[in-house]
Amino acid sequence: MVADFTQQIRDKAKELLEKGTVECVIGYETGSDGFSARPAFIYESAEVERLIFDNTCSHNLVKYLLNKKGKPTAVIVKGCDSRALNLLLSEKQIDRDNIFIIGVVCPGVVEWGWNNHSDQLQIRCNWCRQHNPVIYDFLVGEPVTEGPPDDFADIAAMETKSTEEREAFWREQAEHCVRCYACRQACPGCYCIDCFVEQLDPEWVGIRIAPEENLMWNTIRAFHLAGRCISCNECERVCPVNIPLSLLNRRMEREVLGLFDYRAGMSEDAVAPLITFMKDEKLGIGE
Amino acid sequence: MTKIIGKNELESWLSGIMKERTVFAPTRVDDLILFRPVRSANEIVFDYENTNLSPKELFFPRTETLFTAVPKDGDIELTPTIVDQEVILFGIRPCDARGIAILDGPFLDEPADSLWAQHREKTTMIGLSCTKPAPQCFCTSMGSAPNDASNVDIMLTQVEDGYAVETITEKGEKLLQGVELRESDVQPPVPTCDVNIPAEGIVEAITKMFDDPYWSRLADRCIHCNVCAYVCPTCYCFDIRDRTDKGKTERIRTWESCQSKGFTRIAGGYDPRADKGTRLRQRFCHKLLYFPQQFGALGCVGCGRCVIACPVNIDIREIISDVQKIGAEVGQGSN
């Protein structure tokens, strides 16, 4: 099945580059361990043989479209990645006319790691209800029936802990954080020209790489992604010290789902609840 | 003759040291292995490949106060940071020890960095040879070896019934005073790191292909996080800022990286390395061109951390090979 996916992607990429529909195809190729996928940028039709697709194709390539503004580009998206496309389209960050979307019905992705030949699915695949891309120009694979709604069992389990236990847990995680910002750099929803964490006036977060500042960084980032996170969980995959960021992001996701019945990135003209005010909206404050 | 210390003797020696001094050793923290202070030998992981973060942190902390300033009698009183804690760094790998020795170049070059100098003086390093280098390791190609004892105070190499002990420096000798070592004719194994990366002549090659579009193509893939720099035992860039709280001001330095946007932005907003390609090239030119030009050694020790930690597989080993290839082609073209 996967070999067939690879062939279909190569054929389509070749056609798009030869016809001049796009300048570049962003896909996956085999990495330096000879096993795990890594992002690939194909500019010449002669190079399409580099492209692959398999269950190590973890990266959310949509992020790279932000570097390709104004340039016709094709991108390969899995289900979760396709929601990031919708997020960026609805937030007017990318131009639909310049993008050719090759959607892939996702078989699930395995635990990623250099030379790590794991066959264990990533945790993101446990809660995934979007194996089928929500937006595409060309689809690879047969759409599958999605599972029942997510029960957020991981979040519920976290909530059985006392406030003190949770505080201790996050303090420990904050000790590990080195503020390398890999989470932000991998995230398709993090595209601010000047991230709050690097602003000097006002200085929202101090410069120290220390628990207090690290907690502030991770918490505010989670708030900025509330109602915007599309659950690709790339932030958690790329974290060099394995901070379980999904516990923060999914806590916010569940809140937004409960309050507004809203999941980010499901359509390209979605009206996101936290950046919109409806005239008849109930504030729940002072009423 | 080889001097041997048994596993039990080693543990009781370390336990003795722990009573008087702080011992940092590789220990398990969640699913990571990190150098942390340990209070008992049981906490030490002896058979690890390499720690997730390098021990450079003990000499160049992720955050360190340079001095504090407080108003006093109409003037300002400055108090520099004094490092008074004696530290034993147990279980450092030869690649990481080489990383620290290499950083003496920039940090101890006049005017010397007093904090680095103090950390160096207060720390005794007990090295641990690698018995089985990991797949990402390439220390031999970078001028070291899995049993390289040249940058530690004491070197241990695992043998069947304990550890072979080599005393390298006076500091090491002092620490071993009174410890019973057994004489044995056992020859410690000589582990090898078989990965061969063509680093010879890299300075010339990278100079030749400096303007090659290779860098901007590679930068397509780079997401410009700081993971590589922060796991690296030889990256030493930092930022400095003042922090005032309740009338007391601290001048703080923290890790920074050339991959950050704005790292080279100057007053007026101009940034000489504004695009991704020049930023990425800087990382590799610093390690493979500028550092050897200034300080002699290559600025990479082959620990392989960046190879496995990079979220998008920017692999320095692959880059060294590519640079050699492109450098040779460019060289031919100009003849």
Side-chain angles (χ1 to χ4, degrees), chain A residues 24 26 29-34 36-43 58-61 63-64 67-68 112-116 169 172-173 175-187 190 193-195 198 200 203 206-211 213-214 234-235 237-244, chain B residues 29-32 34 36 52-53 57 61-65 134-136 217-231 238-245 250 252-257 259-262 275-276 304-319 321:
Chain A
C24 175
I26 308 175
E29 67 181 351
T30 304
S32 67
D33 60 355
S36 313
R38 71 182 181 195
F41 294 73
I42 308 292
Y43 294 93
S58 182
H59 317 70
N60 187 340
L61 305 176
K63 176 82 181 196
Y64 292 118
N67 300 329
K68 292 282 181 192
W112 189 91
W114 192 85
N115 207 41
N116 175 13
F169 175 81
E172 174 68 24
Q173 298 303 322
E175 291 258 351
H176 300 175
C177 177
V178 286
R179 273 171 77 178
C180 66
Y181 304 137
C183 45
R184 177 187 74 186
Q185 296 303 103
C187 176
C190 275
I193 292 165
D194 287 307
C195 176
E198 277 151 353
L200 295 174
E203 190 186 46
I207 192 177
R208 295 190 312 171
I209 305 172
E213 283 83 350
N214 299 352
E234 277 289 279
C235 51
R237 175 186 72 84
V238 302
C239 179
V241 292
N242 304 345
I243 300 175
Chain B
V29 184
D30 293 340
D31 51 354
L32 307 168
L34 299 169
R36 285 280 176 97
N52 294 73
L53 298 174
E57 230 187 317
R62 54 180 84 175
T63 290
E64 190 164 40
T65 300
Q136 69 272 17
R217 286 201 304 266
L218 188 64
D220 266 347
R221 191 164 85 236
C222 181
I223 59 170
H224 292 275
C225 62
N226 298 350
V227 165
C228 49
Y230 289 3
V231 300
F238 55 81
D239 194 4
I240 293 182
R241 210 181 292 170
D242 291 351
R243 176 179 188 265
T244 302
D245 190 24
E250 290 175 90
I252 291 166
R253 78 166 161 208
T254 64
W255 291 352
E256 237 309 4
S257 151
Q259 299 312 298
S260 298
K261 199 179 71 158
D275 67 277
K276 280 158 54 80
R305 281 190 184 86
C306 60
V307 175
I308 54 171
C310 176
V312 292
N313 190 219
I314 305 273
D315 184 336
I316 189 168
R317 306 163 320 151
E318 198 180 3
I319 290 165
S321 300

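Chain A is the first sequence line, chain B the second, and so forth, proteins listed ahead of strands; every chain is numbered from 1.
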Proximal component of [X], with respect to chain B [non-hydrogen, under 4.5 Å]:
X      : value
A/R237 : side chain
A/L200 : side chain
A/K68  : side chain
A/E234 : neither

Please give me the minimum heavy-atom distance between [X] and [Y], naming the atom from each residue.
X      : Y      : answer
B/C222 : A/Y64  : O-CE2, 4.4 Å
A/V178 : B/W255 : CG1-CZ3, 4.1 Å
A/G31  : B/N313 : CA-OD1, 3.2 Å
B/L32  : A/P240 : CD2-O, 4.2 Å
A/Q185 : B/I223 : NE2-O, 2.8 Å
B/I252 : A/I207 : CG2-CG2, 4.2 Å

Interatomic distance, [X] atom [atom1] to [Y] atom [atom2] [nearest 0.5 angstrom]:
X      : Y      : atom1 : atom2 : value
B/Y230 : A/R179 : OH    : CZ    : 8.5 Å
A/W114 : B/C310 : CH2   : SG    : 12.0 Å
A/E29  : B/R221 : CD    : CZ    : 6.0 Å
A/H176 : B/L53  : NE2   : CG    : 9.5 Å
A/I209 : B/E57  : CD1   : CD    : 8.5 Å
B/I308 : A/S32  : CD1   : OG    : 11.0 Å

Identify which part of [X] has an atom lying under 4.5 Å from any heavy atom of chain A, answering side chain, backbone, both or neither.
X      : value
B/C228 : neither
B/Q136 : both
B/R317 : side chain

Check step by step if salt bridge (Lys or Arg N to Asp or Glu O under 4.0 Å) holds for B/K261 and A/E198.
CA-CA 10 Å; B/K261 199 179 71 158; A/E198 277 151 353; over 6 Å; no

Donor-acceptor under 3.5 Å (B/R62 side chain, A/C177 main chain):
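Present.
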
I want to check something: taking the side chain as every heavy atom from C-beta on, are A/Y43 and B/D220 in contact at a cut-off of under 4.5 Å?
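Side-chain contact under 4.5 Å: yes.
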
Does any part of the side chain of B/V29, heavy atoms only, come nearer than 4.5 Å to the side chain of A/E172, both counted from C-beta?
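Counting from C-beta outward, A/E172 and B/V29 do come under 4.5 Å.
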
Can you tell me which of A/V241, A/I26, A/N115 forms the most heavy-atom pairs within a distance under 4.5 Å of chain B?
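Looking at each of A/V241, A/I26, A/N115 in turn, A/V241 comes out on top.
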
For A/E213, is there an ion pair with B/R243 - N to carboxylate O distance below 4.0 angstrom?
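Salt bridge: yes.
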
Residue, of B/V312, B/V231, B/N52, that accumulates the most heavy atom pairs under 4.5 Å with chain A
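Among B/V312, B/V231, B/N52, the one with the most close pairs to chain A is B/V312.
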
